[in-house]
There are 2 protein chains.
Amino acid sequence: MSKNEMCCMRCNHELCASRVQIFSELNKEELGRVVSLITRKHYSKGELIIIEGSTLDNLIIINSGQVKIFRNTQEGKEQILYVFTEGDFFGEKNLIKNQVATFNVEALEDTNICMIKKSDFQTLLRKFPDISLKIMEELSNRLDKLESTIQKMGTRNVEARVNAVLLEFANKYGKHDARGILVDLPLSREGIANYIGLTRETISRKMSLLMDEGIIEMVGYKKIIIKNIQALEQSIE
Amino acid sequence: MSKNEMCCMRCNHELCASRVQIFSELNKEELGRVVSLITRKHYSKGELIIIEGSTLDNLIIINSGQVKIFRNTQEGKEQILYVFTEGDFFGEKNLIKNQVATFNVEALEDTNICMIKKSDFQTLLRKFPDISLKIMEELSNRLDKLESTIQKMGTRNVEARVNAVLLEFANKYGKHDARGILVDLPLSREGIANYIGLTRETISRKMSLLMDEGIIEMVGYKKIIIKNIQALEQSIE
DNA sequence: ATAAAACTGTGATTGAAATCAAATAGTAAG
DNA sequence: CTTACTATTTGATTTCAATCACAGTTTTAT
């Protein structure tokens with residue numbers, strides 16, 4: 001049995017729809033109608049889900065796993081725009097006229113996605129205007145986040161940018177334990193660098209400083225423990 | 001007679017609604033209904049329209065004039081996020097739950113705005129789902145723009161950022177004439193600096209270089225003529 | 001368990017924009 | 001039209017992240 005089928009058996013598509021914020025106003029029956037429009041797919045860690053320039057005529061919702069959304073800069077480095085996880089969606093752009101993707105999407109770990117054809121989705125939006133309101137809300141949140149990112153990138157305050165990323169990951173992936181907040185980092189040092197427009201080495205150095213100050217602790221390369229979250233929060237404003 | 005009244009006489013509110021992209025799918029009668037929900041206001045150059053932290057329970061559409069949307073950074077500098085002009089709107093955030101503004105808005109010149117209460121606007125959206133699609137489209141466009149901005153800020157390529165701003169202003173405000181594209185700059189050097197996260201002096205120096213290269217020409221401090229737009233376009237990709 | 005591969009940390013150097021400091025040009029108010 | 005004021009340009013210096021180089025560590029695949 002393929003991973004794909006296994007996954008479908010387990011959730012009968014419903015997980016996709018029900019765990020997604022944008023469908024949260026729908027009742028059981030309406031949800032059922034949405035679910036009937038969904039097809040699913042599995043990607044292994046490292047696989048490209050979307051390539052910049054390809055046509056993208058589906059709305060894609062992440063059911064499990066996580067992905068990075070990135071573009072390539074002039075110099076060939078990747079600029080990571082978002083790290084999306086369970087419940088996040090993308091491909092909502094150009095709902096009206098289909099256009100090619102302006103970004104790449106790569107699975108950061110094994111990931112299951114749900115897809116709805118844009119044409120189907122449009123019909124859905126006209127039938128349930130509340131979904132639109134939810135999407136607008138989410139788009140507004142993203143705008144907020146990007147605006148803050150730009151604000152941070154605008155200042156020369158490199159420490160604040162690094163600390164802000166660590167806080168973001170702490171909020172998304174952090175688990176409290178006796179030693180502090182244990183955070184599974186979704187990105188390597190280089191990934192973090194590409195996310196906030198710095199270099200690998202600078203991330204290393206800034207994180208080492210945070211360790212010297214006792215604010216964080218490193219557990220291997222992929223986990224950190226935040227010992228003093230207030231210190232991080234203060235530094236970013 | 002106040003400016004406000006004069007303005008209302010002139011356009012009977014209709015201009016606001018009709019010249020705005022998001023209402024473009026509505027017919028005359030529907031437009032009339034929208035117009036009945038609108039109130040208007042005039043601001044002089046330099047006046048603050050919205051202050052960060054104040055409650056913002058209106059959708060605001062710019063009828064004439066232009067404004068800058070900005071936040072204050074830690075160091076007290078302003079980070080300009082958008083320069084909005086006729087037909088642009090803001091305040092669409094938190095349509096559901098009213099929240100305080102996360103930004104300031106200041107009139108860059110004499111400006112007339114149209115306001116619709118968020119609650120009224122929500123009703124409108126439920127009645128005309130196509131408006132939602134239009135708004136999503138616009139929000140997507142803004143996301144696109146911010147994503148590109150981040151991509152540019154991510155690179156250390158300062159020239160590209162400066163050139164991109166000049167191109168943006170050329171597209172928005174440029175008028176072709178015999179000498180090239182005449183652009184009325186909406187922002188001072190310092191304003192431009194605050195828009196793209198550099199300093200006043202760096203903007204001066206980069207613009208002087210562009211002049212030495214014959215790519216632009218300065219007409220006083222507030223206008224430029226772009227002599228070689230291809231050169232600018234090439235530099236940003 | 002082990003070895004290969006990938007990632008990370010750190011020192012030395014470089015380079016480019018920030019900062020500091022005047023001088024100059026443009027704008028606005030009367 | 002003149003004057004005062006404000007914005008801009010330009011030069012000298014400083015600062016800090018990028019870059020280069022390489023050693024050390026962790027992860028992964030077998």
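Labels below follow one simple rule: chain letters A, B, ... track the order of the sequence lines, proteins then strands, and each chain is numbered from 1.
- Within 4.0 Å (heavy atoms only), A/Lys223 reaches no atom of the nucleic acid at all.
- Atom-to-atom, CG of B/Asn194 to C1' of D/dA7 comes out at 14 Å; the value is rounded to the nearest Å.
- The side chain of A/Glu201 sits closest to C/dT10 out of C/dT10, C/dA21, C/dT27.
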- Determine, step by step, whether A/Tyr82 and B/Glu147 satisfy the side-chain hydrogen bond (donor to acceptor under 3.5 Å, both in side chains) criterion, reporting the C-alpha distance in whole Å, the side-chain angles of both residues, the deciding distance to 0.1 Å, and the verdict. CA-CA 10 Å; A/Tyr82 307 96; B/Glu147 287 164 5; 2.7 Å; yes
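- The CD1 atom of B/Ile192 sits 9 Å away from the P atom of D/dT9 (whole-angstrom rounding).
- B/Thr199 has a side-chain polar atom (N or O) that falls below the 4.0 Å cut-off from OP1 or OP2 of C/dA18.
- The number of heavy-atom neighbours closer than 6.0 Å to CG of A/Leu209, taken from other residues, nucleotides and ligands shown, is above 12.
- Neither OP1 nor OP2 of D/dA7 sits under 4.0 Å from any side-chain N or O of B/Ser188.
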- Query: Please walk me through it: do B/Gln151 and A/Arg71 pass side-chain hydrogen bond (donor to acceptor under 3.5 Å, both in side chains)?
  - Reply: CA-CA 8 Å; B/Gln151 183 184 25; A/Arg71 297 180 176 192; 3.0 Å; yes
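- Taking atom CE of A/Met218 as the reference point, atom P of D/dT26 lies 11 Å away to the nearest angstrom.
- A/Lys45 has no side-chain polar atom (N or O) that falls below the 4.0 Å cut-off from OP1 or OP2 of D/dT27.
- Counting any heavy atom pair closer than 4.0 Å across all strands shown, B/Leu198 reaches sugar-phosphate atoms only and no base atom.
- Residue-level contact check: A/Met211 touches neither bases nor backbone, having no heavy atom under 4.0 Å from any strand.
- Considering only side-chain atoms of B/Thr202, the nucleotide from D/dA17, D/dA18, C/dA18 that sits closest is C/dA18.
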- Message: Show, in sequence, the C-alpha distance, side-chain angles and deciding distance for B/Asn72 and B/Glu78, and conclude whether the side-chain hydrogen bond (donor to acceptor under 3.5 Å, both in side chains) test is met.
- Response: CA-CA 4 Å; B/Asn72 292 309; B/Glu78 47 183 58; over 6 Å; no
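- A donor and an acceptor atom sit less than 3.5 Å apart, one in the side chain of B/Arg205 and one in the base of C/dT19.
- The aromatic rings of A/Phe90 and A/Phe103 sit perpendicular to each other, their planes meeting at more than 60°, with 30° as the lower class boundary.
- Nucleotide D/dT15 holds its C1' atom 13 Å from the CD atom of A/Glu159, rounded to whole Å.
- In this structure, NZ of B/Lys206 is placed 18 Å from P of D/dT8, rounded to the nearest angstrom.
- Within the structure, a side-chain polar atom (N or O) of A/Arg156 is placed less than 4.0 Å from OP1 or OP2 of C/dA18.
- Each end of the helix from C/dA1-D/dT30 to C/dG30-D/dC1 gets its own rotation axis from five pairs of C1' atoms, and the angle between them is 70° to the nearest 10 degrees.
- For D/dA7, neither phosphate oxygen OP1 nor OP2 lies less than 4.0 angstrom from any side-chain nitrogen or oxygen of B/Lys222.
- Using cut-offs of 30° and 60° on the angle between ring planes, the pair A/Tyr173 and A/Phe169 is tilted.
- Neither OP1 nor OP2 of C/dG9 sits under 4.0 Å from any side-chain N or O of A/Arg200.
- Applying the 6.0 Å contact sphere to NZ of A/Lys145 captures more than 12 heavy atoms from other residues, nucleotides or ligands.
- Within a 6.0 Å sphere centred on NZ of A/Lys172, heavy atoms belonging to other residues, nucleotides or ligands number more than 12.
- The nearest whole Å value for the distance from the CG atom in B/Leu209 to the P atom in C/dA16 is 12 Å.
- Counting any heavy atom pair closer than 4.0 Å across all strands shown, A/Ser204 reaches a base atom.
- Counting distance only, with no hydrogens placed and no angle test, the side-chain atoms of A/Tyr221 and the base atoms of D/dT27 include no donor-acceptor pair under 3.5 Å.
- Rounding to whole angstrom units, CG of residue A/Asp212 and C1' of C/dG9 are separated by 12 Å.
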